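These notes are about the structure you will find just below.
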Amino acid sequence: MSTTFTLDTATSRAHPVPEPVRRLTVPAIQQRKGGAPIVMLTAYTARMAQLLDPHCDVLLVGDSLGQVIYGLDTTVRVTLDMMCAHGAAVVRGSYRSVVVVDMPFGSYEEGPEAAFRSAARVLRETGCAAVKLEGGAAMAETIAFLSQRGIPVMGHVGLTPQAVNALGGYGARGKSDAEYAKILSDAKAVADAGAFALVVEGVVEPLAREITAAVACPTIGIGASPACDGQVLVVDDMLGMFERVPRFVKRFDDLAARIDAAAATYAAAVRDRSFPTDAQLYGTKR
Ligand code: KIV
């Protein structure tokens, strides 16, 4: 496949491709429990969605975009406006994957009705199929409320980055017996409330394994366990866009180095006037 694409809006949900490609559905993901591993990556832009879509089952418009796209220090400052704008772009750029959009901090914790209003806005403005929200037993009522009213919810337990101020950092969770037991019961509460899938982030491996065996919905691990029903990474981490490589990340490329080299080559070509050449100019034949 060529690596040069034009931005073809025909490949969106709103404008089906001439040869229809069926978008995966939430129930199809739900049915993958114990089956073929679910492939999930984050995506924040239409162009990246186009590139990832053929390879993924789920594209997550994660609130990690706060750090990755906007250079914020935490996800706490991400807004519903940001999530809606990027969610809509990812839906436009994809046609096969289920698109899930993160509910940002402050948009759902207050209670089920407030969460419903925020989630309904996300679905309406983006065209995504589901939302994700962080938290355990405390979110069970909200997850049930949304799920029973037509809004599929992906849960997220373990290391929950929106709670960084309460947790005191991003260290792996579940190391003490008490924390292990709490995260396990949180996972069960979220699954029992009706979450169609569950992200398990940054926990000791045996805990992720036990959660996966204990809950009826598929688990999607990040810094968790190969036993999870699927895996997710932040796409920029996976592509090698950042110098810092947390333990749970595997870099599948070194894109930062390749961008650096391309920019250096471009800069040198501008400075020595070897770019542009006739091939890039208009009207040179006159
Ligand atoms: O915001 C995000 O990207 C996430 C994933 C890391 C699971 O929540």
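None of the values given here were measured: they were computed from a predicted structure. For ligands, and for the atoms within them, numbers begin at 1 and follow the listed sequence. Quick note: residue numbers are just sequence positions, from 1.
- With hydrogens left out, the protein atom closest to atom 2 (C) of ligand 1 is S64 OG, 3.3 Å, a heavy atom.
- Residue D102 places at least one N or O, backbone or side chain, under 3.5 Å from an N or O of ligand 1.
- Under a 4.0 Å criterion applied to the non-hydrogen atoms of T42, ligand 1 contributes the atoms 3 (O).
- Ligand 1 lies within reach of H156, whose nearest heavy atom is under 4.0 Å from it.
- R149 forms a cation-pi arrangement with F145, by the criterion of a distance under 6.0 Å to the ring centre and an angle within 45° of the ring axis.
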(request) List the steps and the verdict of salt bridge (charged side-chain N to carboxylate O under 4.0 Å, His left out) for D81 and R121. (result) CA-CA 10 Å; D81 285 347; R121 180 182 162 197; 2.6 Å; yes
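- By the 4.0 Å N-to-carboxylate-O rule, K132 lies too far from D63 to be salt-bridged with it.
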(request) Would you please test L60 and L41 for side-chain contact (heavy atoms from CB on, under 4.5 Å) and show each step? (result) CA-CA 6 Å; L60 171 67; L41 280 170; over 6 Å; no
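- Within 6.0 Å of atom CG in D272, more than 12 heavy atoms from other residues, nucleotides or ligands are found, so the atom counts as buried in its surroundings.
- For atom 6 (C) of ligand 1, the closest heavy atom belonging to the protein is I222 CD1, 3.6 Å.
- Contacts of D63 with ligand 1, taken as heavy-atom pairs under 4.0 Å, involve both backbone and side chain.
- In terms of polar-atom proximity, defined here as any N/O pair under 3.5 Å, K132 does make such a contact with ligand 1.
- Both tests do not hold together for K182 against Y180: distance to the six-membered ring centre under 6.0 Å, angle to the ring axis within 45°.
- Less than 4.0 angstrom separates some heavy atom of G62 from each of these atoms of ligand 1: 1 (O), 2 (C), 3 (O).
- Nearest non-hydrogen protein atom to atom 4 (C) of ligand 1 is L60 CD2, 3.7 Å.
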(request) Run the numbers on R258 and D253 for salt bridge (charged side-chain N to carboxylate O under 4.0 Å, His left out), then give the verdict. (result) CA-CA 9 Å; R258 294 212 274 152; D253 204 331; 2.6 Å; yes
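- Within the 4.0 Å heavy-atom criterion, neither part of L65 lies near ligand 1.
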